[in-house]
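When reading the values below, keep in mind they use all heavy atoms of this one structure, side chains included, and skip hydrogens, waters and symmetry mates. Order of the sequence lines sets the chain letters (A, B, ...), proteins ahead of strands, with each chain counted from 1.
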Amino acid sequence: MKVKVEKNNIIVSEVSCLDLDLTLDCGQAFRWERQEDGSYKGVAGGHFLHIAKDGDSLIFYDTDKAVFYSFWVNYFDLNKDYDEICNRLKQDSLLASTIDEYYGIRILNQDSWEALCSFVISQQNNIKRIKLIISRLCKAYGDEVADGWYSFPSAEKLSTLGVEDFEALGTGYRAKYLERLSKSVANGEIDLDYIKSLPLAEAKKELLKIYGVGEKVANCALLFGMQFYSCFPLDVWMKRVMAYYPDGLPRCFDGIEGIAQQYLFHWARQNL
DNA sequence: GTCCAGGCATGCA
DNA sequence: TGCATGCATGGA
């Protein structure tokens, strides 16, 4: 990775495997909005960002250098060698063709609270509507960090809401899950940083105790919000994909099943 | 109108 | 342990 500063922008080059459409709009994060010119605007970690791609370079518009290094490098996982990962995954023939076609999907390092909440909302729901509900949630209860752009609300803030407040956002039957989850995280009964520090099996066990969190939501929270790359979330799309792996997952997925999963998820949504 | 979406809790066997 | 069912909402 090479970084240079031009005016208020940060230009990053020599980062492989980062396509904005495939990474920011592939169902792992729900807060990025594509602009007409192909750039993206969104909020993560309380920071607003406008990001674009110019050839092989990434442009972080109006971004503070300190925030870039302290937050965005980790969020986009810019120091991870995705070419090595892709090469390993391509030992599997389906992944080989999928990566050739959709090269550039990365797993973002999202905040655990935002990821867990988002995937509780995601259950039995479609991506378009998940984004709609989350944007309503942020606008109503987040902080305005840029003109018209809101942070994801904290558990403390959401712990003051009642079930009817969550229902008013269109969360449907998930409202009761969100209400209880917010209160439990706010009062410390659930400690996401602690869960993140546990070995995978124990971390998953803790997440599965949460009302409204099952196998799928737990795996998504672990993969997208807690950096457990070996998690392999099985939703309705991935269950269709599994017909292509009757003997189980290939060895080349070991330890990076979650990254393989994200490519297969995208492939399934385009082709199945 | 019906079907479906990055599922889960509940009840019952 | 495994399976059937109900659940809110909005777009196709």
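- Heavy-atom contacts of chain A under 4.0 Å fall on DNA chain C between two terminal nucleotides, which in 5' to 3' order are C/dC7 to C/dG10.
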DNA chain C in dot-bracket, Watson-Crick or G-U pairs under 3.5 Å, [ ] crossing, | other strand? |||||||.||||
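- A cation-pi arrangement, defined by a distance under 6.0 Å to the six-membered ring centre and an angle within 45 degrees of its axis, is absent between A/Lys204 and A/Phe228.
- Contact annotation for A/Arg269: backbone-only contact, meaning every heavy-atom pair under 4.0 Å involves sugar-phosphate atoms and none involves a base.
- At the heavy-atom level, A/Tyr211 lies under 4.0 Å from the strands shown only through sugar-phosphate atoms.
- Taking 3.5 Å as the limit, the base of B/dG7 and the side chain of A/Tyr173 contain a donor-acceptor pair of atoms between them.
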Quick one, A/Leu49 with A/Phe71, criterion side-chain contact (heavy atoms from CB on, under 4.5 Å). Give me CA distance, side-chain angles, the key distance, then yes/no. CA-CA 11 Å; A/Leu49 176 65; A/Phe71 184 76; over 6 Å; no
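- Residue contacts shown for A/Ile210 are limited to sugar-phosphate atoms, with no base heavy atom under 4.0 Å away.
- When heavy atoms are screened at a 4.0 angstrom cut-off, A/Phe224 is found touching base atoms of the nucleic acid.
- Within the 4.0 angstrom heavy-atom criterion, only backbone atoms of the sugar-phosphate kind lie near A/Gly212; the bases stay farther away.
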Throw together a table of side-chain donor-acceptor distances under 3.5 angstrom for residues 252-262 of chain A, partners on residues two or more places apart or in other chains.
{"residue": "A/Asp254", "atom": "OD2", "partner": "A/Arg251", "partner atom": "NE", "Å": "3.0"}
{"residue": "A/Asp254", "atom": "OD2", "partner": "A/Arg251", "partner atom": "NH2", "Å": "3.4"}
{"residue": "A/Glu257", "atom": "OE1", "partner": "A/Gly255", "partner atom": "N", "Å": "2.9"}
{"residue": "A/Glu257", "atom": "OE2", "partner": "A/Gly255", "partner atom": "N", "Å": "3.4"}
{"residue": "A/Gln261", "atom": "NE2", "partner": "A/Gly258", "partner atom": "O", "Å": "3.4"}
{"residue": "A/Gln262", "atom": "NE2", "partner": "A/Cys26", "partner atom": "O", "Å": "3.1"}

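- Side-chain N/O atoms of A/Asp21 and A/Tyr102 include no donor and acceptor closer than 3.5 Å.
- Across the protein-nucleic acid pair, A/Arg174 atom CZ and B/dG7 atom C1' stand 9 Å apart, rounded to whole Å.
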